[in-house]
Amino acid sequence: MIRTHQAGSLRTADIGTTVTLTGWVARRRDHGGVAFVDLRDASGVVQVVIRDEEVARPLRSEFCLRIVGEVAARPAGNANPQLATGDVEVISSVVEVLSEAAPLPFPVEEHASAGVGEELRLKYRYLDLRRPDMARNLRLRASVTRIIRDVMAAHDFLDIETPYLTRSTPEGARDFLVPVRLQPGSWYALPQSPQLFKQLLMIAGFERYFQIARCFRDEDFRADRQPEFSQLDIEMSFCEQSDVQQIIEELLVRLWKDLVGYDIPVPIRRLTYAESMRRFGIDRPDLRFGCELVDFTDYFAETPFRVFRKPSDSDPDRAFHVGAVVMPGGAAQPRKVLDAWQDWARSRGARGLAYVLVGAGGELAGPVAKNLSGTERAGLAAHAGAVAGDCIFFAAGDRSEALNLLAAARVEVGERRGLIDHDAWEFVWVTDAPMFEAVEGPHGGRGWTAIHHPFTAPADDVAADFHERPGEALSKAYDIVLNGSEIGGGSIRIHRSEMQQRVFDVIGLSREEAASQFGFLLDAFAYGPPPHGGIALGIDRLCALMAGAESIRDVIAFPKTASGSDPLTGAPSPITASQRAEAGIDAVAQPPG
RNA sequence: GGCCCCGUAGCGCAGUUGGUUAGCGCGUCGCCCUGUCACGGCGAAGGCCGCGGGUUCGAGUCCCGUCGGGGUCGCCA
């Protein structure tokens, strides 16, 4: 006698044996004095024949059963050669109802998995997770973390936990805060990432650290953003960028080979940030299709068309840009559709999206064309790389805003024209991002902020004059991008106090502020920190992409809705006055000393 | 915080220029059929049309507000 709890794993080789199965009733049907129960567990479904109708009749969907029976081949002469529930069935001798089930709030069968409201699914998440596709997602996720631990262990990385109750730092995203009963008026913050702790671990001499860490950020939601999320956090000492990339590539190759059945070509291609922005207008390019952007800034330098000319009153520090993206076959779009593109652009905060249609004979049409000079019209299609029948979309203005619009237009073109191969896996490293970007200062002046984070090392630390011209300084940062989604990012870190101090100077963080917020890290840098660097991979996004899920909610067991609530538990919820008092929420912290 | 879409039976949806008794499929319940597998047949129950105002002789339908869900821009070092 064999015992098994894996209904779906029964095979023809098991015929003749007696098994014990546990699971849920997926379907029950009566035919010819025989009752059939499709019994489902997390591994799949098997059909059980119950000869006692008195036993079978009360069974309803989602009753939890234990069944003892003999595995049998299916009888010949079945009208349907495509067996729905496996190659074998079980003839029951004992059927025990372990627990009954109320009528379901929504269908649990796989074929009905689409189309149920998300809120309802989350309220009954334990039923939602019984659905085979959701169960598959969570099993996939478990496989991902298992392989991560395998690969990390094979390379002697230590799994070290860091605090979830830690110090609030004003940099970056909004913190989730936790009141502290023992020190009324003082608060912990939940970590946005283990960044500072993993750097301290490097100083402590653990040369290779990893952790699958939960991170918390109190920002608005997206389909790929939750307030708490998981990342694979890695840090290494005495390493270069290529060392980190090599580990990640080995990991990604293993994951995709074992779980997707795809061989990722290595080394994964590299793009510099500058090249990515130039060709795709974005630092996370989708390389599954072409339609690369074309720079028209110089082409239109002397244009009579005002929209494409740099305004005389424009900020001299902000680069002016005219760029284009070609929509193959786009000239056939009716006026109504072209107008809809304007609405689309305006919904993204742009003034509009200029376009020129290339006619069958190469002649240009559309409202923009007549504003251009004869010379400009003559060379336009060739410069854009457009042919007869194409539509050329233009964006003009502040360079970062124009590129932003063009990048979105490029993806939109790819989707509308069906240019994106949805079975493709296009990985790319994007490297050499700028250290800083200009921001409005607190009093209206010009300031700088770190693009990656303020512990990222400058690309050339020999010259190391980044503080002289912050806008031109590049960093040793590297992001890993898959199909237009950023799935991870990291950098080589600064390991010398003097350089760290200069970064703080550039971003306008005073010595007092730096000491107050990061003093413990700066102190640690006084004790011989090794050169180090690392990376973090977003596990939720990674799993969502692997599973083909549209939202990371589909690879998280108990996610939250867009307003941050959990319909299952009712969290977040008000607390009582006594809880509030005991937590010391309303107390004012006494300054030390 | 801005913008867009959606809220009709347990679930998924339809509901015409505002018109009389709000429909369909699945599910549920009852009966029948019986090696079926998204079985089939007959029948029944099941509705504050998210909520609150307004316009109108009349509102599921139009307007305003609000709540909830989803998407997106800002935001996410």
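Side-chain atoms are counted along with the backbone in the values below, which use heavy atoms only and exclude waters and symmetry mates. Per chain, numbering begins at 1; letters A, B, ... match sequence-line order.
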Original post:
Is the shortest heavy-atom distance from the side chain of A:L196 to the side chain of A:R167 under 4.5 Å?
Top reply: no

Original post:
Pick the nucleotide of RNA chain B nearest each of A:E118 and A:F455; which residue has the one closer to the 5' end?
Top reply: A:E118

**OP:** State plainly whether the residues A:E119 and A:K123 are in salt-bridge range, i.e. N to O under 4.0 Å.
**Re:** no

Original post:
Contact class for A:S565 vs. all strands (heavy atom < 4.0 Å): base, sugar-phosphate, or nothing?
Top reply: sugar-phosphate

Original post:
Reckon A:R348 touches a base, only the sugar-phosphate, or nothing at all at heavy-atom distances under 4.0 Å?
Top reply: sugar-phosphate

Subject >> Residues from residues 479-492 of chain A lying under 4.0 Å of RNA chain B - heavy atoms >> reply: none

Original post:
Using a cut-off of less than 4.0 Å, is there contact between a side-chain N or O of A:R60 and OP1 or OP2 of B:C29?
Top reply: yes

Original post:
Using 4.0 Å as the upper bound for N to carboxylate O, is an ion pair formed by A:R225 and A:E219?
Top reply: no

Subject >> A:R493 and its side chain to side chain donor-acceptor pair (under 3.5 Å) partner, picked from A:H532, A:Q199, A:H453 >> reply: A:H453

Original post:
Has A:R27 got a side-chain N or O lying under 4.0 Å from the OP1 or OP2 atom of B:C39?
Top reply: yes

Subject >> Pairing partner of B:G65 (Watson-Crick or G-U wobble, both distances under 3.5 Å) >> reply: B:C51

Original post:
For A:T561, which contact category applies under a 4.0 Å heavy-atom criterion: base, sugar-phosphate, or nothing?
Top reply: sugar-phosphate

**OP:** Begin from the C-alpha positions of A:D339 and A:K336 and carry the test salt bridge (charged side-chain N to carboxylate O under 4.0 Å, His left out) through to its verdict.
**Re:** CA-CA 5 Å; A:D339 287 345; A:K336 201 173 162 184; over 6 Å; no

Original post:
Any ion pair linking A:R136 and A:D133 (charged N to carboxylate O, less than 4.0 Å)?
Top reply: no

Please list, for nucleotides 7-11 of chain B, all pairs of protein and nucleotide N/O atoms separated by less than 3.5 Å.
| unit_1 | atom_1 | unit_2 | atom_2 | d |
| --- | --- | --- | --- | --- |
| B:G10 | O2' | A:P105 | O | 2.8 |
| B:C11 | O4' | A:P105 | O | 3.3 |

Original post:
Does A:R121 make a side-chain N or O approach to OP1 or OP2 of B:G69 shorter than 4.0 Å?
Top reply: no

Original post:
Between B:G74 and B:U28, how far is it from one P atom to the other, in whole Å?
Top reply: 47 Å

Original post:
Phosphate oxygens OP1/OP2 of B:C75: is one of them under 4.0 Å from a side-chain N or O of A:R222?
Top reply: no

**OP:** Using a heavy-atom cut-off of under 4.0 Å over every strand shown, decide if A:S563 touches base, sugar-phosphate, or nothing.
**Re:** sugar-phosphate

Original post:
Looking for any heavy atom pair under 4.0 Å, which part of the strands does A:R51 touch: base, sugar-phosphate only, or nothing?
Top reply: base

Original post:
By side-chain contact (heavy atoms from CB on, under 4.5 Å), which residues pair with A:A101, not counting sequence neighbours?
Top reply: A:E62, A:F63

**OP:** Compare all side-chain heavy atoms of A:F176 with those of A:E228 and state whether any distance is below 4.5 angstrom.
**Re:** no

**OP:** For A:I507, answer base if it contacts any base atom (sugar-phosphate contacts may also be present), sugar-phosphate if it contacts only those atoms, and nothing otherwise; contact means non-hydrogen atoms under 4.0 Å.
**Re:** nothing

Subject >> Which residue lies more 5' along RNA chain B, comparing A:A562 with A:T449 via nearest heavy atoms >> reply: A:A562

**OP:** Specify the separation, in whole Å, of atom CD of A:Q231 and atom C1' of B:C76.
**Re:** 13 Å

**OP:** Evaluate whether the aromatic ring of A:F36 and the six-membered ring of the B:U36 base sit under 5.5 Å apart, centre to centre, with an inclination under 30°.
**Re:** yes

Subject >> Salt-bridge present (A:D343, A:R346; N to O < 4.0 Å) >> reply: yes

**OP:** Could you please name the option among B:C37, B:U28, B:G71 that lies closest to any side-chain atom of A:Q47?
**Re:** B:C37

